[in-house]
Amino acid sequence: MTRHLITSAIPYINGIKHLGNLVGSQLPADLYARYQRARGHEVLFLCATDEHGTPAELAAAKAGKPVAEYCAEMHDVQARIARDFRLSFDHFGRSSGPQNHRLTQHFAGRLAEAGLISEVDEHQMYSLSDGRFLPDRYIEGTCPNCGFEGARGDQCDNCTKQLDPVDLIDPHSTISGSKDLEMRATKHLFLRQSAMKDRLDAWIDSKDDWPVLTTSIAKKWLHDGDGLQDRGITRDLDWGIPVRRGEEDWPGMEGKVFYVWFDAPIEYIACAQEWVDAGKGTDWERWWRTDKGAEDVRYTQFMGKDNVPFHTLSFPATILGSGEPWKLVDYIKSFNYLNFEGGQFSTSRGRGVFMDQALEILPADYWRWWLLSHAPESSDAEFTWANFQASVNKDLADVLGNFVSRVTKFCRSKFGETVPEGGDYGPREDALVAELETRLSAYAAHMDAMEVRKSAQDLRAIWVAGNEYLQSAAPWAAYKEDPARAAAIVRLSLNLIRLYAVVSAPFLPDASDRLAEAMHLSDRSWPEGSVAEALSLLQPGWAFDVPDNLFRKITDEEIADWQVRFAGTRSEG
RNA sequence: GCCUCGGUAGCUCAGCGGUUAGAGCUGACCGCUCAUAACGGUUAGGUCGCAGGUUCGAAUCCUGCCCGAGGCACCA
């Protein structure tokens with residue numbers, strides 16, 4: 001048995017995430033967590049909301065609420081939606097929790113002791129009207145290079161030139177529109193990543209089995225230009241973790257907080273503490289401290305490609321730099337983006353389907369199946385309504401759902417709602433078992449390797465094998481000549497339904513539950529032995545109920561409606 | 001501009017040096033009639049982005065170009 005620590009990139013607090021966000025981290029992480037649990041491994045699957053930073057403050061202000069209150073509410077909203085998507089987190093924490101405050105301050109103190117923190121005096125743009133320092137991207141003006149009027153302080157979207165806010169002509173705050181800006185001196189802490197470049201480089205080099213997407217981004221940051229740069233880890237904000245050096249004050253840093261990207265990954269650890277404090281576990285250190293039992297833990301992170309630099313470089317620099325025996329990540333599974341009907345999902349323009357809306361129109365399993373079977377692994381992928389309809393109707397309703405329906409209804413009409421006895425298995429059954437042995441081992445191998453799309457294809461092939469068998473064995477024909485033979489075919493087919501309930505569970509947890517209920521399953525253990533054995537668990541006389549149809553079909557009318565409804569401009573902040 | 005990934009049948013993708021390039025969906029035809037008009041079988045469909053090169057042999061390696069997506073460090 002292996003112990004799997006699994007984390008999903010933590011979603012930002014300022015709103016409900018869209019399906020592209022979901023498929024890039026939380027959903028595949030859930031698939032993997034469910035699978036590893038099903039295989040009998042001990043799993044700790046953690047996620048949280050990422051709550052600090054300027055966008056959270058602005059979103060709260062827009063909602064007319066204190067930021068702490070806003071975050072608490074949005075956390076509950078995200079937690080509820082996650083639960084409805086059947087994301088099986090062992091704990092869904094908050095980066096603003098007291099555990100993360102202490103731990104983040106602790107790491108900063110350790111890094112300072114190790115000489116890996118430098119204090120840098122710099123000048124940043126301050127908005128007198130807004131009463132705050134502005135991040136570069138919150139300042140707009142005219143580009144000195146091309147004359148574009150909507151250039152941001154960090155970059156011009158028109159000519160792509162890298163800019164500094166002071167370069168802009170007529171700069172103004174995008175928050176208030178105010179031009180009452182000035183450069184003010186401020187001091188910030190920098191994490192001396194450059195001092196750890198070689199260590200990080202060697203560490204990344206040792207990970208030759210990681211997705212190229214992961215390592216290529218890390219390598220780019222390590223070797224581009226002058227190499228890995230130091231990174232500011234504090235900000236002039238109110239909402240965040242106060243800068244402290246461990247337990248002590250940090251002279252000169254009063255009123256400042258840690259940068260959200262410094263404290264967010266530390267929340268992975270703090271979340272395990274929250275898990276214990278919530279009474280769900282008893283020992284978080286055996287998952288996170290290699291001196292306290294975590295040396296045999298396998299730690300896997302899931303994230304979209306935009307998160308890769310922080311997980312391959314900044315967070316490892318924090319962990320390694322502390323000089324303490326914290327568990328480092330073993331495998332980083334990263335994803336490309338999911339596009340929507342020929343363009344990008346857009347939170348600001350309300351383009352695409354958001355998690356709450358998705359569940360309003362269809363249950364979680366429908367989305368889980370399409371998203372996972374089309375996960376953007378090797379390149380960006382695209383969601384289209386037509387493809388969604390075709391895939392869901394064919395795979396779920398026709399191939400899986402209809403198989404269950406035809407078997408259970410045939411049995412009920414000929415033998416009643418119990419597993420029938422009598423008859424013998426022959427070559428057809430041997431062929432089916434052989435086919436399933438091959439398919440199941442491929443499925444398991446792909447799931448172990450986190451090959452999400454390929455796993456979905458294997459699972460589908462397992463469902464198809466049932467229909468092929470049924471068609472060739474034709475119990476409806478056998479019944480007329482040899483009812484006992486028909487009974488044997490039906491008995492095996494009912495056992496196939498049990499197998500499907502078990503192996504489909506990571507993708508389709510609700511359908512799995514409904515099948516388990518219908519088949520009166522008390523034991524849902526994975527088929528670790530032979531397939532023949534797994535297909536003999538439901539013995540003659542075993543009672544079951546014919547379930548309602550597992551999946552309904554999506555109609556053309558619905559698709560036409562949704563195409564219009566989700567095309568853009570969601571009327572909401 | 002630099003870097004990375006991708007460009008394979010109408011669609012979504014696999015294959016990444018070696019027999020006639022594969023799968024699912026879609027189309028056509030046949031079969032079945034237990035089932036959510038579902039299922040099974042057969043079949044059609046491809047200058048493997050373009051142009052060179054290496055090799056006995058390239059979708060697969062190299063070079064250049066074209067197209068798409070992303071990264072390029074304080075947006076989380």
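Keep in mind it's a predicted model, so treat the numbers as computed, not measured. Just so it is clear: chains get the letters A, B, ... in the order the sequence lines come, proteins before strands, and each one is counted from 1.
Between A:Y366 atom OH and B:U36 atom C1' the separation is 10 Å, expressed in whole Å. Residue A:N307 contributes atom CG, which lies 15 Å from atom P of B:C75 at whole-angstrom precision. As a whole-Å value, the separation of A:L213 CG from B:C5 C1' is 7 Å. Atoms CZ (A:F310) and C1' (B:A73) sit 7 Å apart, rounded to a whole Å.
The shortest distance between the side-chain N/O atoms of A:K454 and the OP1/OP2 oxygens of B:G15 is below 4.0 Å.
Taking atom C1' in both B:A58 and B:C32, one finds a spacing of 45 Å when rounded to whole Å. B:G64 and B:C56 are spaced 24 Å apart, taking the P atom of each and rounding to whole Å. Remark: the separation of the C1' atoms in B:A51 and B:A59 is 16 Å, to the nearest Å. Straight-line distance between the C1' atoms of B:C3 and B:U43: roughly 46 Å, to the nearest whole Å. One P atom belongs to B:C48, the other to B:U36, and the distance between them is 46 Å to the nearest Å. The P atoms of B:G57 and B:C2 are separated by 34 Å, rounded to the nearest whole Å. When the C1' atom is compared between B:U20 and B:C25, the two are found 25 Å apart, to the nearest whole Å. Nucleotides B:G46 and B:C61 place their C1' atoms 23 Å apart, quoted to the nearest Å.
In this structure, A:Y479 has its ring center under 6.0 Å from that of A:F415. Aromatic ring centres of A:F315 and A:F262: separated by at least 6.0 Å.
Side chain of A:K220, nearest nucleotide from B:C3, B:U36, B:C34: B:C3. Nearest nucleotide to the A:V260 side chain, out of B:A76, B:U36, B:G40: B:A76.
Under the 6.0 Å distance and 45° angle rule, A:K553 does not count as a cation-pi partner of A:F551. Cation-pi contact between A:K17 and A:F354: absent, since separation from the ring centre below 6.0 Å together with deviation from the ring axis within 45° is not met.
At a cut-off of 3.5 angstrom, the base of B:A76 holds at least one donor-acceptor pair with the side chain of A:W261. Between the base of B:A38 and the side chain of A:D398 there is no donor-acceptor pair shorter than 3.5 Å.
The ring of A:F410 does not lie on top of the base of B:C34; it is either too far (5.5 Å or more) or too tilted (30° or more).
Using Watson-Crick or G-U wobble geometry with both donor-acceptor distances under 3.5 Å, B:U63 finds its partner in B:A51. Within the shown strands, B:A69 is the pairing partner of B:U4 under the Watson-Crick or G-U definition, both distances less than 3.5 Å.
Checking side-chain atoms of A:D365 against main-chain N and O of A:A511 turns up a donor-acceptor pair under 3.5 Å.
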